[in-house]
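Take a look at the structure set out below.
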Amino acid sequence: MLLAGGEPKVTSAFFSTLMPLALALASGGQAQEKPDWMNRRTEDRLSYLRGPYNRSIDLIPEFARDMYATGVGHALAYEALVRGRKDRLESQVQPQIAAILRNPPRFLVDEAAISPRFSTRFSSLEKVFEWAHTLHFQTIDVLAYPGWDFQRKEEEIQRLWKFYSAQPFALTGLPMNMDRLDGFSWSGLFRSKYPKTNALFWGYHWLQTANYDMLYGTALASQREQYAVLGDRYRTEELTRTDRDFMPMTAEISPRFARRFPQIANAFDNLHMLHDNVNDILADDRLTESQKDQAVDAAIINVLASTHRNCEPVAADEVETVAPGIHDHRHPNSMPGMGWMKGSDGDEMFMTGMGWMDMSECAHCSVSFPDSPKLTATGFAGPYGATVSSNGWTMSVRCVLCARDMASESIGRVILRAATEDPSRILVLISDEEGTFRSNLPEAVFLDEPAEHPECESWSRAFTNRAAFERYLKANPGFQSAQPLVLADWANRYNGKPETYRKISRPNPYRPNPDRLNPSGTKSPSLEVRSR
Amino acid sequence: MIAAVRMMAFGAMVAYSSGALLHEADCPNCKLPLVQNNDNFDNEVVVRYGNKRIEYRSIYCVLKDQDRYKVDLTVYSPSEKIGEPVVLKRVQGKWTAPEKAVFTMGTSKMSLCAQQSRAFSSLEGLESVRLKLELGESKPLTLTEFIEAVKKHKFEPSGGTCCSQAVSPK
Ligand SMILES: [Cu+2]
Ligand SMILES: [Zn+2]
Ligand SMILES: [Zn+2]
Ligand SMILES: [Zn+2]
């Protein structure tokens with residue numbers, strides 16, 4: 001196996017003479033070719049794809065303002081980094097940014113105007129960032145646009161991806177080995193030296209990924225209601241939390257969207273990783289200014305679509321020999337929209353706050369998700385029955401019963417998003433602190449006839465209305481005597497802990513030091529479970 | 001069908017996993033693993049309100065963490081008998097428990113909260129398991145005394161929470 005597990009750490013004496021080698025190592029043993037456009041310092045500005053949906057983000061005003069503010073936050077921190085204000089980053093710049101985030105702008109802000117020195121010095125990077133941010137905003141605009149139906153939006157998102165990828169500044173939509181991209185000698189410097197400023201970056205990236213499952217398959221009214229919860233979480237927790245082991249990944253926070261549009265999810269993760277790379281490089285005092293320039297260029301090239309034009313994504317279990325360097329494009333078997341993470345194995349990955357998760361299984365009952373074709377045949381909108389979002393995490397579950405029970409076991413407000421018989425309509429249930437749900441589909445009814453979990457997609461279901469429920473019963477005579485449950489009756493049921501649940505007991509790969517108190521990675525005491 | 005087969009494949013693993021749900025694997029107060037019921041003792045401490053049921057590692061942890069909840073609470077705290085928890089209620093901030101219920105704070109070491117910081121149906125109930133739970137000289141406390149004792153107990157600053165050694169009843 002060629003699993004490198006990060007690049008060799010390079011000492012400072014090494015740097016002056018061996019920097020080119022280090023950069024070559026950074027890109028997997030051989031220096032990648034620098035595309036022509038990176039040598040041009042021209043404006044090269046690209047325009048939006050035209051559409052009636054542009055600026056629809058403004059229909060969710062709080063969300064729009066928070067998104068606009070992320071641009072300001074990025075730019076202010078970058079400008080401080082290149083103007084030698086590093087030592088004031090945590091004490092002065094961070095509070096300054098935090099103040100702007102508390103009172104965000106009403107318009108999209110031109111980042112280059114806020115960070116003139118950074119944008120001039122790193123003009124290639126600025127183009128890559130700007131182009132990817134355009135993809136962010138346009139996909140959001142499409143999903144927030146009330147004028148089109150679900151199908152039309154799906155098509156437009158595909159069109160946007162094509163439009164985006166056709167440009168030289170495009171990032172690759174392939175899954176990248178995140179452990180390797182975060183394995184350079186400078187990796188992790190920024191988050192350890194400037195934890196509060198790093199929290200801002202990872203907070204923005206949380207917001208920029210969390211919004212996709214919020215918007216997907218739901219109407220404007222529900223998007224606004226969901227943002228009331230998510231925006232609050234973003235401002236009060238995500239922007240300040242310093243306990244994340246790694247940046248938030250799109251598939252982790254918006255699994256439904258990531259599975260539906262894996263290339264876009266990967267491109268966003270690659271974008272966010274590039275942000276981390278740049279932060280780490282600029283934070284590394286061992287590098288000269290020109291070495292920093294070279295390292296940033298190499299970091300860009302690592303994730304450009306053009307660098308990987310001959311590459312293919314591959315499911316973890318189908319790999320015989322892991323490709324070296326940056327060309328490891330493995331993804332978890334059941335999640336094409338995510339690259340390889342530290343310690344990953346097949347479908348298992350470590351998530352901060354949740355511990356080890358198996359992405360092929362229900363997070364509540366551990367039963368494998370049914371294979372996708374079966375799901376389509378039974379009318380699920382997506383590959384999963386439902387997702388549960390709370391306290392910054394999102395988990396995929398097999399059925400609405402698992403979603404409901406998981407919600408009741410979680411402290412605080414929860415957003416539950418469930419597939420219905422109509423692929424274009426996702427049922428969104430938002431619970432208050434006490435677990436009382438509000439629904440975006442007031443006519444919705446539930447089938448709740450608990451049996452064995454491996455068949456739960458048949459006995460635990462949500463329907464947009466009673467007629468759909470009746471149709472389902474006609475087609476599935478086994479449930480003939482079942483009664484449709486309205487939300488209030490369904491919501492206060494509880495089915496107990498599924499006996500199929502299994503916990504993956506492995507230590508946190510990001511914190512191998514066992515001396516440190518480390519909640520998620522702590523090994524459980526060996527306990528015998530009473531047979532139920 | 002495929003799902004059913006796969007499930008049987010991991011059936012064997014269930015035996016040595018803790019059985020705790022992953023999302024509730026850690027106590028909201030001390031962040032250490034929750035302790036599941038076993039053949040000798042119930043250990044799952046559950047706080048109920050509205051449609052929520054939040055699990056804690058010990059009744060100590062519930063009381064330490066209670067300020068996060070603004071509503072009335074019902075707490076099911078395992079006793080000396082399997083299937084017969086001591087039910088505590090907090091109504092408008094005031095706690096009540098069954099008249100004969102007693103509590104132990106544990107030995108001087110607070111690292112054993114799941115095992116030693118517990119509720120019992122009565123004094124006799126406590127005495128019947130004193131040895132098994134290694135309660136030592138631990139004094140039986142009334143609810144009021146117990147609440148006071150929890151309030152006074154301070155976390156040690158570096159990782160020394162109530163349950164830092166994650167000991168649990170055998
Ligand atoms: Cu490649
Ligand atoms: Zn499940
Ligand atoms: Zn289920
Ligand atoms: Zn605890």
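A note on names: the letters A, B, ... follow the listed sequences, proteins ahead of strands, and every chain is numbered from 1. Since we're looking at a predicted model, the values are computed, not measured.
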Check this for me, if you would: do [X] and [Y] make a salt bridge, where the nitrogen-to-carboxylate-oxygen distance has to be below 4.0 angstrom?
X	Y	answer
A:E238	A:R233	yes
A:R461	A:D448	no
B:E80	B:K132	no
B:E55	A:K497	yes

_Taking every non-hydrogen pair under 4.5 Å, which of A:I411, A:V388, A:N492 racks up the most with chain B?_
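Maximum pair count with chain B is reached by A:I411.
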*Side chain, backbone, both or neither of A:S390 within contact of chain B (heavy atoms, under 4.5 Å)*: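 Contact with chain B: none, neither part.
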*Go through the atoms of A:N391 and report whether side chain, backbone, both or neither lie under 4.5 Å from a heavy atom of chain B.*
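Contact with chain B: none, neither part.
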*asked:* Please classify the contact of B:R48 with chain A as side chain, backbone, both or neither, using a heavy-atom distance under 4.5 Å.
replied: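 Neither part.
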